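Notes follow the structure.
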Amino acid sequence: MKQLGLEDILKVLKKSPSEQRKKIITEAYEFSKKAHEGQKRKSGEEYFQHSIATARTLAEIGMGGKTIAAGLLHDVDEDTPVTLEEIEAKFGKEVAFMVDGVTKLGKIKLRGSHEEYFLENLRKMFLAMAADIRVVIIKLADRLHNMQTLDHLPPDKQQRIARETMEIFAPIANRLGIGEIKTQLQDLSFKYLDSENYNYVKEIITKSYKERERYVNQAIRELEKELKKEGIEVLDIHGRAKSLYSSYEKLKKYDMDINRIYDLSAVRLIVPEIADCYEALGIVHKKYRPMVGRIKDYISLPKPNGYQSIHTTIFGPEGRILEVQIRTQKMHDEAEFGIAAHWIYSDKMKKSWKEYIFGSKKETMDKELKWVKQLREWQNEIGRDDEEFIEGLKIDFFKNHIFAFTPKGDIIDLPEEATPVDFAYAIHSEVGNSTVGAKADGKMVPLDYHIHNGQVLEIITSKDRKGPNPDWLKFVKTSMAKSAIRKVTRKENQQ
Ligand code: MN
């Protein structure tokens with residue numbers, strides 16, 4: 001494999017990078033290189049190669065200098081003798097905060113049931129514990145490189161990591177609108193989780209690829225000529241191939257019949273303004289007959305993750321069916337880089353980053369995205385100037401929440417300063433009523449102990465316990481525990 005170096009990061013930076021930006025990246029590069037010196041990965045590669053790959057992805061999707069520096073340093077605190085204090089002294093609070101966040105996130109166990117509600121809780125908790133959206137993005141870039149080098153791990157680890165990636169990381173990338181990373185994570189996980197179907201889909205798609213490519217190129221030439229004739233400025237027009245995993249998802253819906261899928265390849269058209277998108281749509285339809293019911297206007301009605309584009313399916317050259325996607329450059333960057341695109345556009349725009357993730361007000365929310373909506377409403381209350389924009393990157397919505405695990409890995413959502421008694425009642429009132437003790441992360445703790453985020457709680461119960469202790473009311477935090485305790489003690493008093 002090619003050895004990566006500093007140049008590989010610097011050359012993919014978006015916009016024209018300032019000297020200051022290049023300086024912090026270069027310093028983090030040298031610092032991290034020295035810290036990881038001599039360390040090797042399972043593949044036999046220098047450990048530092050992983051740090052460079054992570055930082056390069058962050059540069060590619062348009063993240064700023066501090067985030068890229070934190071990407072270079074993300075494993076320094078955890079895996080080398082260099083401490084967080086040293087990182088802070090050299091690179092400042094913000095970078096140290098991000099490195100610390102990545103280290104902490106790495107410690108969360110993302111295992112347990114495959115039920116959707118459970119997975120959704122895990123994703124929530126993951127975002128909540130990140131505290132800063134940039135930490136999540138570093139973690140995604142880190143995971144991407146780990147997936148790219150997964151071949152070097154034993155099969156059971158491959159399965160566990162691939163499943164976690166498919167169930168937790170890819171959906172988070174999707175929710176943040178970072179299509180570029182989501183697609184790669186899905187395809188890589190797919191390869192390990194279902195190699196049979198992966199190979200099958202890969203084969204049938206590769207077989208028809210050359211022919212489709214020729215056809216798409218022909219369509220591009222004809223469309224471009226037509227648009228120019230009508231005076232539309234074309235910033236870019238290119239073919240795009242559907243990813244393996246999303247092709248598979250679609251194939252499953254159509255009895256694995258590849259001929260029934262119209263968007264394996266598509267033509268993507270980038271124009272300057274929103275008005276140009278609609279004008280271009282008219283020109284495309286004048287030239288090629290559109291398929292009824294296949295025009296999707298995600299510009300007026302963006303997808304829940306903020307995706308915007310117009311899609312139409314036409315009977316193109318040779319009368320063959322072809323999908324055309326029309327969007328502005330900004331929509332394009334947002335579709336590829338999602339929330340990260342904000343860093344590219346931030347000085348031009350005063351729009352809140354939340355709208356990037358969570359869409360505009362017009363859209364209707366899926367039920368499963370309810371929590372995202374809550375988050376957005378809360379975020380709308382904060383202002384929009386630049387200082388506050390940075391502040392707003394912190395996911396404070398969950399600040400007053402704690403997530404604790406049962407020994408089986410179920411997540412219990414609790415308020416801050418919740419105690420083992422609250423935890424016990426959150427599981428079941430019977431468990432609460434027969435509680436005699438508790439362990440946090442394997443150690444005995446008093447019943448009025450304040451649970452920390454991410455701890456595993458084990459409740460010790462006894463059949464001899466004749467109901468709750470009224471004194472518990474002095475320290476429990478949840479109304480669920482309070483009312484359950486009162487209910488039992490009231491009954492006793494009546495007797
Ligand atoms: Mn790492």
Side-chain angles (χ1 to χ4, degrees), residues 1-6 8-9 12 25 28-61 63 66-84 86-87 91 94-111 126-127 129-154 157-158 160-170 172-173 176 178 180-182 184-185 188-189 192 340 454:
M1 202 184 268
K2 186 188 164 281
Q3 291 287 300
L4 297 173
L6 180 60
D8 295 288
I9 302 170
V12 293
I25 294 168
Y29 182 93
E30 297 302 338
F31 188 92
S32 177
K33 186 180 180 179
K34 209 170 145 221
H36 285 296
E37 193 149 39
Q39 290 180 339
K40 296 258 194 268
R41 297 194 98 212
K42 286 257 170 19
S43 58
E45 227 182 10
E46 289 287 329
Y47 192 95
F48 185 50
Q49 288 291 311
H50 165 68
S51 317
I52 306 175
T54 303
R56 185 179 57 173
T57 300
L58 294 168
E60 273 167 351
I61 63 171
M63 300 305 291
K66 283 180 188 163
T67 313
I68 296 170
L72 279 162
L73 297 162
H74 82 272
D75 280 326
V76 166
D77 178 37
E78 170 109 52
D79 297 334
T80 81
V82 179
T83 64
L84 201 60
E86 290 170 68
I87 293 174
F91 298 99
E94 221 176 315
V95 172
F97 176 79
M98 286 191 261
V99 172
D100 189 37
V102 174
T103 308
K104 282 189 180 135
L105 270 191
K107 289 186 176 141
I108 304 178
K109 280 187 290 174
L110 296 172
R111 266 158 267 173
F126 188 82
L127 287 174
M129 294 193 59
D132 183 322
I133 204 75
R134 293 171 297 179
V135 171
V136 179
I137 297 171
I138 296 170
K139 201 65 202 158
L140 290 172
D142 168 55
R143 176 53 60 113
L144 179 60
H145 186 250
N146 286 338
M147 287 302 296
Q148 284 162 344
T149 50
L150 201 58
D151 262 343
H152 305 283
L153 295 185
K157 273 199 169 176
Q158 288 175 349
R160 181 178 66 71
I161 294 170
R163 180 157 302 283
E164 194 181 88
T165 303
M166 189 66 108
E167 289 176 342
I168 309 292
F169 288 90
I172 286 176
L176 299 183
I178 313 175
E180 178 72 15
I181 291 185
K182 177 201 77 174
Q184 292 187 60
L185 289 178
L188 287 161
S189 310
Y192 291 95

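For the single chain, residues carry numbers from 1 onward in sequence order. Owing to the predicted nature of the structure, the values given are computational and were not obtained by experimental measurement. Counting convention: from 1, in listed order, for ligands and their atoms alike. We use all heavy atoms of the structure for the numbers below, so side chains are in, but hydrogens, waters and symmetry mates are not.
Distances from the Mn ion (ligand 1) show that His74 has an N/O/S atom below 2.8 Å.
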Between Glu46 and Lys40, is a salt bridge (charged side-chain N to carboxylate O under 4.0 Å, His left out) present by the stated rule, with each step listed? CA-CA 5 Å; Glu46 289 287 329; Lys40 296 258 194 268; 3.2 Å; yes
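Two residues are said to be in side-chain contact when any heavy atoms from C-beta on lie closer than 4.5 Å; Val82 and Phe31 meet this criterion. Looking at heavy atoms from C-beta onward, Lys66 lies in side-chain contact with Met98 at the 4.5 angstrom threshold.
Taking OG1 from Thr54 and CD1 from Ile138, the interatomic distance works out to 9.5 Å, rounded to the nearest 0.5 Å.
Of all the N, O or S atoms in Asp142, the one closest to the Mn ion (ligand 1) is OD1. Of all the N, O or S atoms in Asp75, the one closest to the Mn ion (ligand 1) is OD2.
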